[in-house]
Every structure is written in structure tokens, then in C-alpha cells.
Amino acid sequence: MRVSLLVSTDGAVAAVTDTATALEPRLVAGVNLADVPELQPLARAVQAARQGATEPGTCAFAGQTWDLEVSMTPTGAFVTLEALQGDFELAEVLTSGRPLSEVLDALARLSERRLPGYLASVLLLGDDGLLRPGAGSSLPVTLRAASNGLAPGPECGACGSAVWSRGPVLVADMRGDRRFLAFAEVLEPLDLHACWSFPILSRAGNALGTLSVYGPRPALPTAAQAAFLQSMARFASLAVEQWGHERSRHEILERFHLAAEASTNVIYDWNVRADVLEWSPRLEPVFGYDMATPRNLAWWESCIHPAERVQVTSSLNLALAERRKTWVGTYRFLKKDGSWATVIDHGRLLFDDEGAPVRLIGEMQDISGQQQLQARLTLTERLASVGTLAAGVAHEINNPLAWISSNLHFALEELGKLRAETGLTALDEVAEALNDARTGAERVSTIVRDLKLFSRAQDEQTGIVDVRRVLESAITMARNEIRHRAQLERRLDEVPLVKGNEGKLSQVFLNLLINAAHAVPEGDVGRNAIVVSTTVDANGCVVVAVQDTGQGIEPDVLPHIFDPFFTTKPVGQGTGLGLSICHSIITSLGGSISVDSTPGRGSTFKVTLPAAPPEFRKSPLPQPKPPLAPRGRIALIDDEPAVLVALQRLLGPHHEVKSFSRPLQALDELPAFAPDVVFCDVMMPEMSGAELFRRLRAAHPRLAERVVFMTGGAFSATAREFLDDVERPMLEKPFTAEGVRRLANEQVAKARAQA
């Protein structure tokens, strides 16, 4: 702001600009500078210039310090005042970063210094559409209170009218002005008359509030005063808009931080030029690292798995060089506890106007859990497929095995009769050969039974389990892996029954046995051993231990062996899920699994399971020996003719037997035959045993109650569900002659008793 005046040789003001008079009303033409105390600094400055001072000086005027320049003329002196210091003060206020209330208050005080005797205030338009005090500590309390909550409108004082019209409202005297009728009581005791209000407008022209001054006497502003207040309103607008931008930026940052904290992913910001890497608070819970430690790109690179580090860093460098907008990488990231997390890294690259990279902002998503789930699903599907295949193979083997076993038993019985009748000792060698064949068939039967047990590993049903029997089944399955590496030693003490799932426990024990075998090198069976033992601990729990004399486990590896995907086997030879699944199975049964290992001396895995409650371990009451059954009628239904022949040989001497190889034929002829018992196969091509049973129950319910199912392994889900639901006796293939005859006699006696 510039102020100019002409001073005559006697010190009187010859001419003065309106701006000077607006700042100091006593500075008018004709007044002698030396006669007015407030103007005496100007008089001294003029006097110094007349005495030869050539350098510009400073002068106190209108409440602030001005830069002064005096030019001597023949009639006096031309004085120019430049308010550079005031402009600097405005700049400092607007750029100080102080709260909005302090900035507006500084503008109000500056306005009051420029307009001595006037009181300044700032009202801001709130979100509710009402005006609220923003600055004006000099204003009387009653007037500030009356302005609080003022609604803009044409009759709402100068302030409300200025916001409503978005133009200056200049009132010479508030008393008597219709716009101030509502404030008459407030204004009455106050020595205030003039009120000049200037709207504070945004760049878009929207009203933000008003800047107003109140004067002690009736007056309208001069052009210079109006221009000054208009500028102050503009400065207030800049301050309010800047505050709004800062508030929006703060809210955005706050929402960003809240989103970063709420996100399950880890968000990062890499300042490329400063090489500073900042992380969201999720860094600690996800990866274990604290946020306080300064980090850079080199630290991030050091956390990438060595096998993937070159590929990942090269990919990022290529994205920077080619100025791509996005970068994506999938790699293993080292956690603080030493484990590896598989992450997907999505980054957004920012470049300056010259194309140089300045920032990389992105997020790292830990997908280890998803990988584990996917791997478990894949393994579950694989096990289900293996289980289905195992059940199918068992079924196909059990059918021929049934007639092999039955025929061998029949042959041995007949041979025994012939030996007794003839006394031929030459038949002894034949009997020995047949006994060897029967022993081989029984061994095949045991293998098939264990295969069927393994196929039920996906079953969720639990029951009472004899761990020693399950161990024997697992040993049978693992025998081929063990016999070329080590001697197997059993130390199976008598232990309580446990409550669990036979198939799942078989899976656990089989995994431990195979792992023990693989820990022992091939080629030295005599020096290596695998010891399987069962004991009871001090708490009454069953402990199954698998001990080997293999290579052992290194101390740094030992804490991670139950972690999913952790394996020491070469790529392609292990998924790292076996022990993890064993751990899940055992803990789900309320037990625990642990390992004790010494490098070079072998390992011992211990599975601890709680014993079944006593009420589940009670021995069944002894069953009375069934009485001799009378000769009855027995129907046989099976699509394998050899099975029918074998059963006919076993049962024919004692009962009337009729065989059916086609279920539909059996349905037609059974009512007329009226059997006491119906032996029916479950899996048949023409009609399943389940369908035949349903038709019998619908048409001949008494016959349906006499059905005994035969199965070599019901591998379809429908058949398995049917057998679980129907309450009928079951004859497992391959069967023994004693088992078949006993069951037949029991059912015949029962049918005759009911009749």
C-alpha cells in the first residue's frame, strides 16, 4: 500500500491522498504535522530530509512501520510511504500454517490497525447455512453473541445481507437502518454506528462468510478504505479455502490411514529419490517387523527369498525404466520369525514431469493361507480319489477272494473226510499245500482290509479305536517302504481304546512310518531300525511312538516341521503338508504330536491321544452260543457265479439253497421260494442291492427283514450312505466258512422263531 502527501515549507499539509486520510483521519489538507502528536513522526522525517538525509528511512504511522521516501520541491516536500512491512506481515500470516482462527484473528487486528478506532470481525458460513464467529476478539461480547447463528438474508444486518447478496453492504449508521431493527437492543448501549461488510467469496463465487468493521461514528468508507477491506476479505477467502483444502487433505489422509489399518494387506510408500520406505501399521501383525525402524529398498530386497530375488528386483527395475504405471510381483517374503510368507505385491508408480520415478505406492497381500487352503483342497481331492480307487480295487479283489477262500476251506474239509476214510498219507502233502494257499489268501484279505481302512480317511465319523490294530494296518501298507531300509521292531504294549477315526489315524501312522523309512538311507538294513511302540503315560493317555535311526533333523529346521509347505525333501518329492495334516488330525482328536531329534542319531515322533471314557470301553456282554438251527431255506443273490458256487458248497449240506445271478429274476421268484434268509450282494450291474431291498420292502416287507448284505467294499457314496442307514446284518468279503455258516444258522433260527 502506498500513501502520498505534499508538505509545505512551514510543515503544513498542502495536499494528501484519500488513502492517507482513510488510515489517519486527522491527516487532512491544512493541518500542521507538528501540531498533531500522531503526525509528528512525519514532521521529523521531513525535517531530516531538509537537513540533507538522502537515504530512505522508516516512519511510524497509523499503527505500523512504513518505508519512507522524501523528495524536496521548491514549495516544500513530497512524502511517499510504502507499507511493505504490512504486506510481509500478511504473507507471513497466510503462509504460517497456523489454525484458521488465529489467521483470521490476525487479519482482523491488521484491519483494526489500518482503520484506527474501528473494530473488525469475521463471520464464517457453517455447514448448517448459518453464520458463526470466526474472529473478532475486539468486538463487544453482546454483539458477537447476536451474530452467532445469524441466517443470511436481505434484512439480517449488514453481515447477513452481504452473504445473501454476495456483494459489499455499507451502512453509514446502524441506528435507524431497517436491516438492524432486530439488533436495536444490542446496539443501544454500544458506541458504534458505521458497519461495512464485505463478503468472503471462494474462487467459484460461493459465499464463505463476511469480513466486517464497526466504526465509532456514522460514515461510509472512502474508496481507499473500501479497496483495503475488499483486499482483506480476499485474503480471508484465501485463508478459508486453504484451511478447507488442508482439512480435506487431513480427512483424506485420516481415511487412508484408517483404511490402511483396517486392511488385511500391508500398504507401503517408497520415496524413490530419498530411498525411504514407509509402511502401514499392518507390517507388524502380518510380518512381525516394527514400524519405528527406518527402512529402505535394500532392506526390502534382503527379505525376498534368494531363489526369487533377482527375478523380482529385475522386474521392478524394468517397470521403472519403461515408466510403467503399475508393477505386480509374486514372491516369498521373509517374516521376522524366520518363516516365509508368499505375497502378491501390487504397486503404483508415480513419475515427475521429466519422467523420472518419484514414488512407488502399493500393497502386499499375504496369500500363504490361500495357498494352504488350495493345497489342502488339492490333497483332499487326491486322497478322495485314492480312497475311491482303493475301495474299488478292494471290491474287485474281494469278490474272487471270497470264492477262493470258500473253495479252499471246502477242499480242506472234503480232503479231511477223504483222509479219514481212506487213511492215505499221501493226501497230507496236498492238505499242506492247500493250507499254504489259504494262508496266502488270508494275507491278501488282510492287505485289502487295510486298503479299505485307508480309503475311509476322509470319513468324519468317530468311534472307539484300537490303536494297535490301526498300527498293524499302517505297517502292512508301509512294509514295502521299510523292508529295503531298516528292520521293523514292534513294542506294542496293551493300551486303552481311544475315541477317534480309524481312517484318519491310519493316515497319520502311515505318514510317520514312511517318513521314518525315508530318513534312513537304503542299503544297510542290518544297522538301521524303526521301532514302533505303544505305551500309557502318567496321565493315562495312549502314546504311540515311531523311532528311527536315520539322519535326524537339524535344530534350525525342527521348529518348522509342522508348518504347512515346509519340507526338506527335493522339489517334486514332497508338498510339505504331510506332518501339517498329521498335526491337524491329532489336535482335532484332542491329542498332541511332538518330535525329539538329534542330527545323525535319528528322530522319535510321539502321538499322544486321550483314552476313551470308561463308559465307551466296557467289554460287551458275552453272547450265548446260538442253538443248532434247523434246516432252512436260503436264497443267494450275486452277479459273480463263482461266489454263488462257493456259498452253495458251504451251505448246501445244511440248508436248502437257491442261487440267483440276476436280481430281477430273484425279485420274481423269492415270494414263491419263501426263504428264511436272503444273502444279497450290494454292488451289482443289473440292479444294486439297495434297490432290490427297497422293492422288497415295498412289496414283501417280511422278506426284506430277512436280507443279509454281502459286500466287498461299497465304494459309491450312495451305497455307503445306504449301508449306514439300513439296519441289516452285513457279511464282509472275503468271508470264512465258519462266519458264513454261523450267520446263516442265526438268521434261519431267528426267522423260524418269528414264524
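This is a predicted model, so every value here is computed, not measured.
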Exercise. Do L124 and L208 touch side chain to side chain, with heavy atoms closer than 4.5 Å?
Worked result: no

For this session: Spell out, as yes or no, whether a donor-acceptor pair under 3.5 Å connects the side chain of N32 to the backbone of D10.
Result: yes

For this session: Side-chain contact test, heavy atoms from C-beta onward, threshold under 4.5 Å: evaluate it for S4 versus F78 and give yes or no.
Result: yes

Exercise. Of the non-hydrogen atoms in P152 and L125, which two are nearest, and what is the gap between them?
Worked result: CG-CD1, 3.8 Å

Problem set entry | Distance-only donor-acceptor check, side chains R234 and S237, under 3.5 Å | yes

For this session: Answer with yes or no whether the side chains of D290 and T293 bring together a donor and an acceptor at under 3.5 Å.
Result: yes

Exercise. So do I367 and V343 actually touch side chain to side chain, heavy atoms under 4.5 Å?
Worked result: no

Exercise. Can you list the residues that meet the salt bridge (Lys or Arg N to Asp or Glu O under 4.0 Å) rule with E284, with sequence neighbours excluded?
Worked result: none

For this session: Check V310 against T313 and note the closest heavy-atom contact, atom names and distance.
Result: O-OG1, 3.2 Å

Exercise. Within the side chain of S339, is there an N or O that forms a donor-acceptor pair under 3.5 Å with the backbone of K335?
Worked result: no

For this session: Decide yes or no for E241 and I200: does some side-chain heavy atom of the first lie under 4.5 Å from some side-chain heavy atom of the second?
Result: no

For this session: Measure the acute angle between the ring planes of Y331 and W300, then classify it against the limits of 30° and 60° as parallel, tilted or perpendicular.
Result: perpendicular

Seminar exercise, completed: Sequence neighbours excluded, the answer for salt bridge (Lys or Arg N to Asp or Glu O under 4.0 Å) partners of R132 is D128

Exercise. Between the main-chain N or O of D275 and the side-chain N or O of N271, is there a donor-acceptor pair closer than 3.5 Å?
Worked result: no

If you look only at distance, which donor and acceptor atoms sit under 3.5 Å apart when one is on a side chain in residues 157-170 and the other is two or more places apart or in another chain?
from, atom 1, to, atom 2, distance (Å)
S161, OG, G153, O, 3.3
S161, OG, P154, O, 3.1
S161, OG, G157, O, 2.7
S165, OG, S161, O, 2.8
S165, OG, G167, N, 3.4
R166, NH1, G205, O, 3.0

Problem set entry | Heavy-atom side-chain proximity of L5 to L27 below 4.5 angstrom | yes

For this session: Could you tell me if the ring centre of Y289 sits under 6.0 Å from that of W299?
Result: yes

Problem set entry | For E301, all residues meeting salt bridge (Lys or Arg N to Asp or Glu O under 4.0 Å), sequence neighbours excluded | none

Exercise. Any side-chain heavy-atom pair from Y214 and L143 closer than 4.5 angstrom?
Worked result: yes

Exercise. Residues in salt bridge (Lys or Arg N to Asp or Glu O under 4.0 Å) with D177, at least two apart?
Worked result: R179

Problem set entry | Any V276 side-chain heavy atom under 4.5 Å of N296 side chain | no

Exercise. Would you say R217 has more than 12 foreign heavy atoms packed within less than 6.0 Å of its CZ?
Worked result: no

Donor-acceptor pairs are to be reported for all side-chain atoms of residues 135-142 against protein atoms at under 3.5 Å, with residues two or more places apart or in another chain.
from, atom 1, to, atom 2, distance (Å)
S138, OG, E112, OE1, 3.1
S138, OG, E112, OE2, 3.2

Exercise. Are S212 and W196 close enough that a side-chain donor and a side-chain acceptor fall under 3.5 Å?
Worked result: no

Exercise. Counting only heavy atoms not in E185, do more than 12 fall under 6.0 Å of its CD?
Worked result: no

Exercise. Is the shortest heavy-atom distance from the side chain of Y268 to the side chain of I361 under 4.5 Å?
Worked result: no

